[in-house]
Student: 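What follows is a single structure, and I will ask about it in a moment.
Every number for a ligand or one of its atoms is a count from 1 in the order of the listing.
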Amino acid sequence: MYPVFSGQFLLSDYYSVNMKIFITRSIPHEGITLLREKGFTVTVYNEDKPIPREEFISKAKNADGIISLLTDKIDKEVINKLNRCKIIANYAVGFNNIDFKYAFKKGIVVTNTPDVLTDSTADLAMALILACTRRIVEADKYIRGRKFVGWKPKLLLGIELKEKVIGILGAGRIGEAVAIRAKSFGTKILYFDSKRNARLEKSTSAKKVSLTKLLKESDIISLHLPFNEDTYHTLNKEKLSLLKKSAVLINTARGELVDEKHLIKMLQTKNLLAAGFDVYEGEPVINSELLKLENVVLLPHIGSATKEARGRMSLLAAKNIIAVLSGRKPLTPVY
Ligand code: DGY
């Protein structure tokens, strides 16, 4: 399925000598250290901002391998300028930033970082669920605004998770990990996915249902679909209108899965109780209307942002590069 390179690199003990790796941003050291130990020449774009496109091209064009971020748009034009590249190791589980089909055609392997960030991302989805249902951010602002004058019977009432229905949209690794966490709070799990997840059904008694049923019956909906041409605006105006007024929507996947403008209208008009966002349509630009809402929790795309996950992502990206450039199969190719 993926290109495997053989020949001089495979048989040589010195395959990494003169091989250049370009990393588009400073990432945790684990993978960089490993690559350097193996003899690769590693260059890192060290600015604390996404690398400008022209600079990316000039730094990457003669690299044998690239570690890219989800903020790097690697389209046909960029791929055509890569003279020596054999592998693009995306430092993320999502890879919608890369035209991976075109890369494949050009003989470039594309890898991502699945599994190693599942628990961290699921923890964050759970944190958003609890933050929205128990109004944690509003409560924090209340204290900081010096409004707390004593216990009140009706102060900041939220909703309890026990017996609530959680709808998991996309029952892959992260969706499953969220369902397992949510189950321990006494919730009932529905899920929608093109494939059945028998393990999830066994561990949480989850039921596979249609998207319509999931949206109509869930109290909390958590998005875990990959973003690609088929999943753009999975929750469009029509689908969003199926949600209960009392529902909470959580998105730790990709902003483009939801018609954000319509979602904002629903939140403004109280046609939805609350929403937790870690990702945005068109991020890093944030719709200013979102900032005015009390019933949202807004995070800066930190799903995998734990020391553990980011260290493992760095190592996995490096291992993919080493495997491919030494003529072996990639560990986690995207296709
Ligand atoms: C990913 O890896 O795709 C996540 O969005 C990072 O948080």
Student: Between CG of Leu161 and CD1 of Ile220, what distance do you get to the nearest 0.5 Å?
Tutor: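 Separation between the atoms: 5.0 Å.
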Student: Quick one: look at Leu117 and ligand 1, take heavy-atom pairs under 4.0 Å, and tell me if it's side chain, backbone, both or neither.
Tutor: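 Side chain only.
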Student: Nearest to atom 4 (C) of ligand 1, what protein heavy atom do you find, and at what distance?
Tutor: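 So the nearest neighbour among protein heavy atoms is His301 NE2, 3.7 Å.
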Student: Ligand 1 and Ile302, any nitrogen or oxygen pair closer than 3.5 angstrom?
Tutor: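 Among all N and O atoms of Ile302, none is under 3.5 Å from an N or O of ligand 1.
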Student: Below the 3.5 angstrom mark, is there an N/O of Ser304, backbone or side chain, next to an N/O of ligand 1?
Tutor: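 Min N/O separation from ligand 1 is below 3.5 Å for Ser304.
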Student: Closer than 4.0 Å to some heavy atom of Arg254 - which atoms of ligand 1 meet that?
Tutor: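 So the answer, numbered in order with elements, is 1 (C), 3 (O), 4 (C), 5 (O).
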Student: State whether the shortest distance between N or O atoms of Val93 and N or O atoms of ligand 1 falls below 3.5 angstrom.
Tutor: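 Between Val93 and ligand 1 (N or O atoms, distance only) the closest approach is under 3.5 Å.
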Student: Indicate the atoms forming the closest heavy-atom contact of Val178 with Met126, along with that distance.
Tutor: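 The pair with the smallest heavy-atom distance is O-SD, 4.5 Å.
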Student: Can you confirm whether Leu325 sits close enough to Lys86 that some side-chain heavy atom of one is under 4.5 Å from a side-chain heavy atom of the other?
Tutor: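 Yes, close enough: below the 4.5 Å cut-off.
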Student: Please tell me whether Glu176 and Asn197 have a donor and an acceptor in their side chains that are separated by less than 3.5 angstrom.
Tutor: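 Their side chains do contain a donor-acceptor pair, which is all the 3.5 Å distance test asks for.
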Student: Quick check: closest heavy atoms across Leu157 and Lys154, and the distance to 0.1 Å?
Tutor: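 For Leu157 and Lys154, the tightest heavy-atom pair comes out as CG-O, 3.7 Å.
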Student: Enumerate the atoms of ligand 1 whose separation from the nearest heavy atom of Gly94 is less than 4.0 angstrom.
Tutor: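 So the answer, numbered in order with elements, is 1 (C), 2 (O), 3 (O).
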Student: Less than 4.0 Å between a side-chain N and a carboxylate O, is that true for Glu289 and Lys292?
Tutor: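 Salt bridge: yes.
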